[in-house]
There are 2 protein chains.
Amino acid sequence: MHPRTSFTAVTSPKRAGRPRSAAADRAILDATRAALAEVGWGGLTLGDVAARAGVAKTTLYRRWAGKNELVVDALAALFEEQLDLPDLGGLEADIQGVVLRFAELIERPETRTALMAVVAEAAQDDALRLRIREAIVDRQKHLVLLGRRRAQQRGELPPDKAEDPARDDLIFDVIAGAVVHRVMVSSGPVDREWALRLARLLVDGLGALHLPPP
Amino acid sequence: MHPRTSFTAVTSPKRAGRPRSAAADRAILDATRAALAEVGWGGLTLGDVAARAGVAKTTLYRRWAGKNELVVDALAALFEEQLDLPDLGGLEADIQGVVLRFAELIERPETRTALMAVVAEAAQDDALRLRIREAIVDRQKHLVLLGRRRAQQRGELPPDKAEDPARDDLIFDVIAGAVVHRVMVSSGPVDREWALRLARLLVDGLGALHLPPP
DNA sequence: CCAGTTACGCTACGAGTCGTAGCGGAATCG
DNA sequence: CGATTCCGCTACGACTCGTAGCGTAACTGG
């Protein structure tokens with residue numbers, strides 16, 4: 001296997017020789033996010049990142065295979081924090097909460113300029129696509145399962161007849177896709193009112209959108 | 001104003017001198033799509049496009065400011081074809097139909113590799129973002145309005161109390177976002193079953209997903 | 001303390017792309 | 001015909017890429 005770790009400093013058990021600097025890892029990923037926020041994906045050069053991080057350009061290439069992998073790891077750090085789903089007392093409120101929380105991550109400048117870019121690159125790179133799923137997407141997915149079970153315990157949704165993973169996948173695509181499209185394409189804010197309307201649509205269907213927004 | 005037209009050969013009224021070759025325009029845009037499908041956004045070079053199209057590289061720069069603008073125009077041609085919404089007899093079927101139709105455009109190789117890339121670039125380029133909306137996104141949006149009015153005439157949705165453009169914007173973000181997320185991130189197929197489940201979810205809410213898929 | 005091993009910073013390099021300039025010739029208008 | 005605009009071609013400096021080579025730093029096991 002290649003010496004490239006490519007995933008943030010997985011300090012393997014115990015090896016001989018000088019260990020990799022964890023500080024350099026953090027500095028590089030921080031510099032990557034900062035550069036993305038300033039110059040965007042297209043303007044990002046690895047030489048610039050190295051200069052900002054205070055490391056040699058060769059150090060970058062020793063750890064990451066290229067721009068794609070580096071940026072995925074830099075973004076992954078943003079999504080790494082544990083994602084909780086506070087119980088807000090009802091399905092609608094729970095959905096609204098998770099939408100607002102997810103939007104906070106998407107609306108950051110680094111995310112806006114880079115997330116779609118790596119997704120586009122992943123269309124022709126299976127390994128990259130897998131990595132994005134592991135490091136970013138799947139971190140959010142369990143929230144759907146959690147929220148649905150909670151709603152079933154409350155009696156807001158009927159109990160399962162059979163396990164149906166495709167159903168949760170659909171719900172996730174709808175929620176995540178709607179937020180991403182709202183932010184990236186429509187360039188509109190994801191505020192409490194928008195999140196509430198989305199939650200109502202999901203819970204009660206299109207008919208619910210004809211009620212006045214409180 | 002700059003001599004760059006940047007939008008497909010808007011042959012202005014009547015000017016002196018040699019006119020721009022419309023054939024060159026078509027050849028360039030075709031070559032751009034072919035190259036995108038082969039090498040993706042990251043591997044696309046304007047020199048390669050020029051060679052494929054059989055034109056000089058300088059001709060490209062005389063018409064488009066750069067990679068972003070060229071690709072947007074190349075993609076726009078795919079979305080330019082007529083957008084009808086055949087009446088399938090019910091709201092659910094209509095939604096299913098438009099989802100399948102939209103997915104056909106998104107699932108093409110050129111679209112998969114390039115659409116998200118230009119959206120990412122547009123995060124830092126207001127003009128580009130506006131252009132994407134005009135040439136690609138808004139072409140689809142009126143289908144939402146059309147489908148909703150049809151459903152209201154059928155009595156499937158309550159009539160409007162007041163005009164509410166934000167409501168149609170939301171519906172559009174949900175449908176388009178879900179399809180894009182399904183294709184680009186989850187890498188799953190948008191087949192008739194998936195489209196039907198999405199339509200059910202939108203019409204009747206989350207509870208409808210617990211019925212068996214016919 | 002001393003080899004062995006691995007990581008780091010630095011410099012240099014060929015290869016490739018970018019975007020532009022300058023030229024001669026081709027097409028169209030008045 | 002003259003003016004105007006476009007096209008193809010060549011050439012160019014500037015930049016980024018990704019790698020190689022070297023001396024040095026840090027850490028491990030004997």
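Computed from a predicted model, the values in this text were never measured in an experiment. Naming: A, B, ... by sequence-line order, numbering from 1 per chain.
You'll find the side chain of A:Arg182 stays beyond 4.5 Å of the side chain of A:Ile106, heavy atoms only. Side chains of A:Val55 and A:Val49 form no contact here, defined as non-hydrogen atoms less than 4.5 Å apart. Side-chain contact check for B:His181 versus A:Val119: every heavy-atom pair is 4.5 Å or farther apart. In this structure, the side chains of A:Val137 and A:Phe79 stay at 4.5 Å or more apart for every pair of heavy atoms.
The nearest whole Å value for the distance from the NZ atom in A:Lys57 to the P atom in C:dT11 is 12 Å. Taking atom OH of residue A:Tyr61 and atom C1' of nucleotide C:dC10, one finds them 16 Å apart after rounding to whole Å. Taking atom CG of A:Asn68 as the reference point, atom C1' of D:dC17 lies 14 Å away to the nearest angstrom. If you take CG of B:Leu60 and P of C:dT17, they are 14 Å apart, rounded to a whole angstrom. C:dT20 atom P lies 15 Å from atom CH2 of B:Trp64, rounded to whole Å. One interatomic measurement links the two molecules: NZ of A:Lys67 to C1' of C:dT17, which rounds to 13 Å at whole-angstrom precision. Atom CG in B:Leu70 sits about 11 Å away from atom P in C:dG19, given to the nearest Å.
Here D:dC9 is the nucleotide among D:dT19, C:dT17, D:dC9 with the atom lying nearest to any side-chain atom of B:Arg62. For A:Ala56, the side-chain atoms get nearest to C:dG9 when compared with the rest of C:dT20, C:dG9, D:dC9.
Of the two residues near DNA chain D, B:Ala24 and A:Asp48, the one whose nearest nucleotide lies more 5' is B:Ala24. The 5' end of DNA chain C is approached more closely, in terms of each residue's nearest nucleotide, by A:Gly54 than by the other of A:Gly54 and B:Gly66.
Regarding contacts with the backbone of D:dG8, a side-chain N or O of B:Thr59 is found under 4.0 angstrom from either OP1 or OP2. Look at A:Ser21 and you won't find any side-chain N or O under 4.0 angstrom from OP1 or OP2 of C:dA7.
Of the candidates B:Arg148, B:His142, B:Lys141, B:Asp168 forms a side chain to side chain donor-acceptor pair (under 3.5 Å) with just one, namely B:Arg148.
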Could you go through nucleotides 2-5 of chain D and list every protein N or O atom that sits under 3.5 Å from one of its N or O atoms, giving the distance for each pair?
unit_1, atom_1, unit_2, atom_2, d
D:dT5, O3', B:Arg15, NH2, 3.4
D:dT5, O2, B:Arg18, N, 3.2

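With hydrogens and angles ignored, a donor-acceptor pair closer than 3.5 Å exists between the side chain of A:Thr58 and the base of C:dC10.
With salt bridges taken as basic N to acidic carboxylate O contacts below 4.0 Å, none links A:Arg52 and A:Asp30.
Within the structure, salt bridge (Lys or Arg N to Asp or Glu O under 4.0 Å) pairs that include any residue of residues 114-128 of chain B comprise B:Asp126-B:Arg129 (at least two apart or interchain).
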